[in-house]
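Every chain is numbered from 1 and lettered A, B, ... according to where its sequence line falls, protein lines coming before strand lines. All values below were derived from every heavy atom in this structure, side-chain atoms included, with hydrogens, water molecules and symmetry-related copies excluded.
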There are 2 protein chains.
Amino acid sequence: MALSRADVLAKALEILDTYGLADLTMRRLATALAVQPGALYWHYANKQELLAAVTDSILAEVPDPGPDAAWNDALPTWALSLRSVLLAHRDGAELTSSAVALSLGTLRPQEPLVRLLSSAGVPPADAEAIAETALHLTLGLALDEQSRAQAVALGVIGGDAPDDQDRLALGIDLVARGVSARFGI
Amino acid sequence: MALSRADVLAKALEILDTYGLADLTMRRLATALAVQPGALYWHYANKQELLAAVTDSILAEVPDPGPDAAWNDALPTWALSLRSVLLAHRDGAELTSSAVALSLGTLRPQEPLVRLLSSAGVPPADAEAIAETALHLTLGLALDEQSRAQAVALGVIGGDAPDDQDRLALGIDLVARGVSARFGI
DNA sequence: ACCTGAACACCGTTCAAGT
DNA sequence: ACCTGAACACCGTTCAAGT
């Protein structure tokens with residue numbers, strides 16, 4: 001049976017989870033699919049496009065707060081579940097950070113937050129900036145955390161990890177307090 | 001004359017600024033130094049170590065607020081000058097983000113902030129978390145901004161950029177307000 | 001429509017041997 | 001001490017040709 005885009009995506013995610021981003025090469029993926037490297041380029045224009053698809057499928061796991069949630073409730077919940085999703089995939093934070101930065105694919109996981117903030121009366125441009133703040137904060141901390149975990153696993157550094165979930169919660173709390181103070185909501 | 005570590009570093013920075021991170025390869029660097037690729041490994045153990053050195057030299061450009069600055073003054077100043085420094089080097093944000101995340105080298109540019117916050121009465125662990133929040137926020141926005149600028153330059157997307165300096169200023173302001181509210185300073 | 005075969009133009013890193 | 005020569009084990013991507 002012929003390969004589908006979905007088959008390629010599924011196998012790419014499998015390689016990512018099992019061996020990590022460094023081992024997710026087009027050649028390795030092709031081998032895992034029992035196909036020649038060139039075959040992948042019929043399904044995806046290039047590696048970036050494939051990585052964008054993998055990232056999208058990871059970000060789709062983050063639960064949407066829905067349109068009726070309270071912004072100050074949804075903000076920490078969203079950030080913490082984004083963190084969990086990123087940590088659930090090997091190199092999830094690294095992959096997502098670069099994909100989001102390079103604006104590959106859809107990849108606007110902060111969109112629900114923007115809507116909630118706007119509904120709460122924050123001007124659109126500010127809502128956008130606030131949601132981005134929360135996103136970068138979460139991505140950055142997850143990136144630190146995941147690479148530290150990797151360094152510990154490799155025995156490069158010792159494992160006296162600060163509690164990163166608390167750290168993220170604190171950062172998000174500061175932002176939320178700032179939003180309340182600045183926009184009076 | 002024999003190559004020094006400093007010579008290699010200087011040429012690496014030159015290639016970065018002129019051609020970008022993708023072109024900063026050990027082989028290209030060796031060629032630019034009129035030397036065989038293997039020669040570089042006498043001066044730097046590997047590419048990561050070299051990139052850490054490059055990042056350190058970039059981050060050294062960020063002015064230190066000094067121990068007597070007011071935290072709420074130093075916070076936005078520091079963030080904005082970090083942003084300027086990152087944007088002043090081609091792919092500066094990308095390089096720094098990954099170097100900071102991978103904990104290469106010294107690379108704790110947020111250290112002055114941690115000290116200022118501690119002096120102002122914030123508990124050390126919280127001061128650390130706050131400074132990291134500011135760092136990730138700045139890195140994340142600079143990364144977005146720089147990759148967007150690159151996409152515009154390549155003609156991939158149109159150039160209706162939001163003002164990123166204002167965006168960073170807003171995010172930092174939210175964090176500062178949050179710190180005031182939460183720690184009563 | 002979908003894939004193979006084969007090539008092009010690269011990488012980072014190692015290491016014996018030279019000076 | 002510092003570097004060369006040469007290799008090892010890879011990359012992403014392209015594209016004529018096959019089925």
Touch check for B/A2, heavy atoms < 4.0 angstrom, all strands: base, sugar-phosphate only, or nothing?
-> sugar-phosphate
Donor-acceptor pair between B/H136 and A/D144 side chains, under 3.5 angstrom | yes
Under 4.5 Å between side-chain heavy atoms, hopping through other hydrophobics if needed: is there a path connecting B/L13 to B/L51?
-> yes
Can A/D173 and A/R177 be counted as an ion pair, charged N to O under 4.0 angstrom?
-> yes
With a 4.0 Å cut-off, would you call B/E132 and B/R108 a salt bridge?
-> no
Looking only at atom P, what distance separates C/dC10 and D/dA9, rounded to whole Å?
-> 22 Å
How many Å lie between [atom1] on [X] and [atom2] on [N], as a whole number?
X     : N      : atom1 : atom2 : value
B/L40 : D/dT4  : CG    : C1'   : 13 Å
A/N46 : D/dC11 : CG    : P     : 17 Å
A/R5  : C/dC3  : CZ    : P     : 13 Å
B/M1  : D/dC2  : CE    : C1'   : 11 Å
A/Q48 : D/dG12 : CD    : C1'   : 12 Å
B/K47 : C/dG12 : NZ    : P     : 4 Å
A/E49 : D/dG12 : CD    : P     : 15 Å
A/L51 : D/dG12 : CG    : C1'   : 12 Å

Examine C/dC3: is either OP1 or OP2 under 4.0 Å from a nitrogen or oxygen in the side chain of A/Q36? Give yes or no.
-> no
Do the side-chain N or O atoms of B/H43 get closer than 4.0 angstrom to the phosphate oxygens (OP1, OP2) of D/dC3?
-> yes
Considering only heavy side-chain atoms of B/Y41, the closest of C/dC2, D/dT4, C/dT14 is C/dT14
Of the nucleotides D/dT13, C/dT13, D/dC3, which one has an atom closest to the side chain of B/P37?
-> C/dT13
Just the dot-bracket of DNA chain D, please: which string comes out with Watson-Crick or G-U pairs under 3.5 Å, [ ] for crossing, | for another strand?
-> ||.|||||...|||||.||
Can you sort out the partners of A/E94 under side chain to side chain donor-acceptor pair (under 3.5 Å), two or more places apart, ordered by chain and number?
-> none
Among A/R83, A/R148, A/Q146, the one residue meeting side-chain hydrogen bond (donor to acceptor under 3.5 Å, both in side chains) with A/D164 = A/R148
Does OH in A/Y19 sit with more than 12 non-hydrogen atoms of other residues, nucleotides or ligands closer than 6.0 Å?
-> no
Residues of residues 6-30 of chain B with any non-hydrogen atom less than 4.0 angstrom from an atom of DNA chain D: list those, numerically ordered, please.
-> B/R27
Taking A/R90 for its side chain and A/T18 for its backbone only, find out whether a donor-acceptor pair lies under 3.5 Å.
-> yes
Show your working on salt bridge (charged side-chain N to carboxylate O under 4.0 Å, His left out) between B/E49 and B/R5 and close with a plain yes or no.
-> CA-CA 11 Å; B/E49 192 181 300; B/R5 254 179 92 92; 3.2 Å; yes
